[in-house]
Amino acid sequence: NYKKYKELNSGDVLTDIRIQSCKEFSQFKKDKTRHELNQMTKLNTTSFDFGTVMNSRGTAMYFTSNRPASTGDESEGEEVVGGDFSDIFVSEIDRKGNFGEPTLISDKVNTIDNEGSICFDGRGKTMFFTRCVREEKKNLGCDIYKVEVKSNKFGEPVKLEIKDHDSTHVGQPAASVDGKALVFASNMAGGEGGVDLWITTYDKKADSW
């Protein structure tokens, strides 16, 4: 099929790479690594479960899901991925490495809106997450929020004022170890087109990003 496609679009370099991958597949199977893949049957559902992040001590795994236990009952449109709005869940890990039943994190973070795509700073003291607010007849895009974490308790989320317009989407944050720099995805003006990666840094003196 890739070869047939190449006849229609001969200038697509990615097609050549995919054809080469097909040719080398049998060798890939022979050169197996020592990695072993096991399905997380206790955590997986028929809903969307994604975006896993471990805490700094490796004793809990956070992830995003739109499983029935999620707070919001609105649904994404078919132009996105479908399904109910998502929330952030956590599964505690015991000393034997067993994952506990996933539960919703703080209701200060999870709301009736769409939450997910999280990250922590290196100490696990600050969490950044994406929230997409839905209001009828309004295009509010998505925003990144910051929330302080103390003794596994979440404070009040604070929205980062980094957008160029209300309807712009910002999300999928990735924080530096010190939590003072944040890489994120956005469709704001000035990019290369579509969604690009951007970076923002924290100005302590001005208390702003």
Side-chain angles (χ1 to χ4, degrees), residues 50-66 70-72 74 76 80 85-93 102-209:
F50 60 96
T52 56
V53 176
M54 300 295 291
N55 68 353
S56 58
R57 294 173 295 165
T59 57
M61 186 178 77
Y62 296 82
F63 63 96
T64 303
S65 178
N66 66 347
S70 298
T71 305
E74 287 197 59
E76 291 278 18
V80 189
F85 280 3
S86 60
D87 277 325
I88 303 166
F89 290 77
V90 61
S91 173
E92 302 291 341
I93 306 170
T103 57
L104 287 161
I105 65 170
S106 170
D107 56 9
K108 293 179 180 179
V109 175
N110 289 323
T111 67
I112 59 173
D113 295 311
N114 224 347
E115 284 91 20
S117 301
I118 75 166
C119 69
F120 288 92
D121 65 356
R123 300 182 303 157
K125 301 294 185 182
T126 304
M127 186 182 82
F128 299 89
F129 68 96
T130 308
R131 176 181 289 162
C132 304
V133 177
R134 178 73 62 84
E135 287 189 23
E136 190 175 354
K137 296 182 180 181
K138 289 184 179 181
N139 180 11
L140 300 179
C142 297
D143 291 278
I144 295 175
Y145 288 74
K146 171 185 174 183
V147 58
E148 300 302 327
V149 186
K150 295 181 180 179
S151 302
N152 294 327
K153 300 292 184 181
F154 293 84
E156 289 290 342
V158 177
K159 184 169 70 173
L160 272 58
E161 302 295 343
I162 56 177
K163 296 187 351 178
D164 62 341
H165 191 274
D166 288 346
S167 62
T168 297
H169 292 278
V170 293
Q172 288 75 45
S176 60
V177 175
D178 62 5
K180 304 301 183 185
L182 201 66
V183 175
F184 61 95
S186 178
N187 64 345
M188 69 174 65
E192 296 297 322
V195 176
D196 293 293
L197 292 179
W198 299 74
I199 186 169
T200 180
T201 54
Y202 178 67
D203 185 333
K204 186 176 181 180
K205 186 175 181 179
D207 190 25
S208 64
W209 291 81

- Task: Taking the six-membered ring for Trp and the single ring otherwise, decide whether the centroids of Phe128 and Phe184 are under 6.0 Å apart.
- Result: no
- Please round to the nearest 0.5 Å and tell me the distance separating atom CD1 of Ile162 and atom CD1 of Ile144. 4.0 Å
- Message: Determine whether a donor-acceptor pair (N or O, by modelled atom type, separation under 3.5 Å) exists between the side chain of Thr64 and the backbone of Ser117.
- Response: yes
- With a 4.5 Å limit on heavy-atom distance, are the side chains of Met54 and Ile93 in contact? yes
- Query: Which heavy-atom pair separates Phe120 from Ala175 by the least distance, and what is that distance?
  - Reply: O-CB, 4.0 Å
- Closest heavy-atom pair, Lys108 versus Arg131, reported as atoms and distance to 0.1 Å, is O-NH2, 3.5 Å
- Query: What are the two closest non-hydrogen atoms of Thr168 and Ser186, and how far apart are they?
  - Reply: CG2-OG, 3.5 Å
- Message: Less than 4.5 Å apart, side chain to side chain, heavy atoms only: is that true for Asn114 and Arg134?
- Response: no
- So, the side chain of Asp107 versus the backbone of Asn110: is there a donor-acceptor pair under 3.5 Å, distance only? no
- Test item: Met127 and Ile88 side chains (from C-beta on) under 4.5 Å apart, heavy atoms: yes
- Task: Quick one: pull up CE in Met188 and CG in Asp164 and give me the separation to the nearest 0.5 Å.
- Result: 5.0 Å
- Rounded to the nearest 0.5 Å, the NZ atom of Lys180 sits from the CG atom of Asp203 at a distance of 10.5 Å
- Task: Could you point out which residue of Lys163, Glu115, Gln172, His169 forms a side chain to side chain contact (heavy atoms under 4.5 Å, CB included) with Cys142?
- Result: His169
- To the nearest 0.5 Å, what is the distance between CD1 (Ile105) and CD1 (Ile118)? 6.5 Å
- Query: Any idea which heavy atoms bring Ser70 and Ser65 closest together, and the distance?
  - Reply: OG-O, 3.2 Å
- Query: How far does CD1 of Ile199 sit from CH2 of Trp209, to the nearest 0.5 angstrom?
  - Reply: 9.5 Å
- Item | Closest contact, heavy atoms only, Pro173 versus Thr130 | CD-OG1, 3.5 Å
- Rounded to the nearest 0.5 Å, how far does NZ of Lys125 lie from OG of Ser151? 7.0 Å
- If the plane angle is over 60° it's perpendicular, under 30° parallel, otherwise tilted; pick one for Tyr62 and Phe154. perpendicular
- Item | Closest non-hydrogen atom pair between Ala60 and Val90, with its separation | CB-CG2, 3.9 Å
